[in-house]
Amino acid sequence: MQADNQTRWDDEIHDLCRRKQMNQAVELAVRGYGPEVRRLMFAILQDDARVQDAFGLFCEGLVKGLPRFRWESSLWTWIQRMARNACYKQVNAAAVRYPHLRLSEAPEQPAGRRSLTDPWQRTLVKERFRALRRKLEPQQQRLLELRLDQRLPWTEVVRLMATAEEPLTQEAQARRAAALRQQFQRAKSHLRSLAVQEGLLAYQDTM
């Protein structure tokens, strides 16, 4: 990578970070340094599929690590270190391929060579959805965790969210389950509204 290009990318990304525009900073970092990162990874792994997986790990690290980067070294030096670490993780766990990605989250596209930007785009979207969920009320967050993440039945959700003083008779459980279902729908609606405001969902997708 030419020094003048590196300086330009670093300056632009640093400016975005100072302005707390982390999504744009990550996107610019991937666009600017992504090709060099992939070349570095291929030199280590010598396999396109393993490079793709390592690149996904690198992008996850970039999303989480860039806000904490202290700019005491050049960004490119830090990115190279993260890229190598992602390769070493891939070597030690070559069979792992996005275990956190559910089938319902898989891209609806024919099988074949994946886009070079798919991993970081998926990672960035999921990180932004997690951030939106943290804006919900604690009880709404808990409901989404139990029903969406853990996929627990409502009987178990009622049990886990019951207070110590709350009776758990069959009738009380039925009433509590009905109330929690309504709260769950409100939480999902609130989350969809936040996602539309952030540009993660189009308005027509919520209809």
Side-chain angles (χ1 to χ4, degrees), residues 16-17 19-27 30 53 55-69 89 93 95-111 114-115 117-207:
L16 289 169
C17 290
R19 289 187 275 135
K20 307 298 183 183
Q21 297 177 349
M22 302 310 304
N23 293 335
Q24 294 92 324
V26 169
E27 182 176 353
V30 173
D53 288 340
F55 193 71
L57 293 174
F58 162 77
C59 291
E60 289 182 8
L62 185 64
V63 169
K64 295 175 182 177
L66 186 58
R68 299 191 296 269
F69 181 57
K89 287 180 182 178
V96 179
R97 186 182 295 269
Y98 304 112
H100 56 280
L101 190 63
R102 299 194 190 98
L103 290 177
S104 60
E105 297 173 318
E108 297 179 0
Q109 63 183 33
R114 288 174 289 178
S115 164
T117 56
D118 278 351
W120 77 264
Q121 287 178 334
R122 289 198 301 270
T123 298
L124 186 56
V125 167
K126 284 187 288 185
E127 287 294 330
R128 291 175 68 185
F129 263 107
R130 290 190 190 104
L132 289 181
R133 281 174 60 164
R134 289 193 289 270
K135 294 182 179 181
L136 301 176
E137 296 293 329
Q139 180 151 310
Q140 291 181 325
Q141 294 182 44
R142 181 66 170 154
L143 268 174
L144 292 178
E145 176 189 349
L146 296 176
R147 282 294 292 170
L148 294 182
D149 300 340
Q150 301 183 31
R151 304 191 176 212
L152 296 179
W154 280 109
T155 53
E156 188 68 10
V157 174
V158 169
R159 187 185 68 81
L160 290 172
M161 298 195 67
T163 62
E165 301 80 16
E166 196 171 359
L168 286 178
T169 64
Q170 188 171 0
E171 182 180 353
Q173 287 186 49
R175 288 197 303 269
R176 182 61 171 157
L180 288 175
R181 284 190 180 95
Q182 293 180 354
Q183 293 180 35
F184 178 67
Q185 293 302 323
R186 288 195 294 271
K188 289 199 300 183
S189 296
H190 189 187
L191 185 61
R192 280 195 293 268
S193 298
L194 293 173
V196 169
Q197 294 173 19
E198 291 289 322
L200 293 175
L201 287 177
Y203 176 75
Q204 57 267 29
D205 293 336
T206 69
M207 303 300 288

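Because only heavy atoms are used, hydrogens play no part in the values below, and waters and symmetry mates are left out as well, while side chains stay in.
Residues satisfying the side-chain hydrogen bond (donor to acceptor under 3.5 Å, both in side chains) criterion with E137, sequence neighbours excluded, are absent altogether. For F184, the ring-ring contact (aromatic ring centres under 6.0 Å, His included) partners two or more places apart in sequence, or in a different chain, are W154. With sequence neighbours left out, the salt bridge (Lys or Arg N to Asp or Glu O under 4.0 Å) criterion links R186 to no other residue. Remark: R147 pairs with no residue by the salt bridge (Lys or Arg N to Asp or Glu O under 4.0 Å) rule, at least two apart or across chains. Partners of R68 according to the salt bridge (Lys or Arg N to Asp or Glu O under 4.0 Å) rule, which considers only residues two or more places apart in sequence or in another chain, do not exist here. Residues satisfying the salt bridge (Lys or Arg N to Asp or Glu O under 4.0 Å) test with R181, not counting sequence neighbours, are none.
When every heavy atom of P67 is checked against every heavy atom of L62, the shortest pair comes out as CD-O, 4.3 Å.
The shortest distance between side-chain heavy atoms of E156 and R159 falls below 4.5 Å. The shortest side-chain heavy-atom distance between L194 and R133 does not fall under the 4.5 Å cut-off. By the 4.5 Å heavy-atom criterion applied to side chains, Q139 and L180 are counted as neighbours.
Going from atom CD of Q24 over to atom SG of C17 covers 10.5 Å, rounded to the nearest 0.5 Å. A distance of 14.0 Å separates CD in Q183 from NE2 in H190, rounded to the nearest 0.5 Å. If you take CD on Q173 and CZ on R175, they are separated by 10.5 Å, rounding to the nearest 0.5 Å. Taking CG of L191 as the reference point, atom CD of Q140 lies at 9.0 Å (rounded to 0.5 Å). Atoms CG and CG, from D149 and L143 in turn, are 11.5 Å apart once rounded to the nearest 0.5 Å.
A donor-acceptor pair shorter than 3.5 Å can be found between the side chains of Q150 and E145.
Between the side chain of Q141 and the backbone N or O of L136 there is at least one donor-acceptor pair closer than 3.5 Å.
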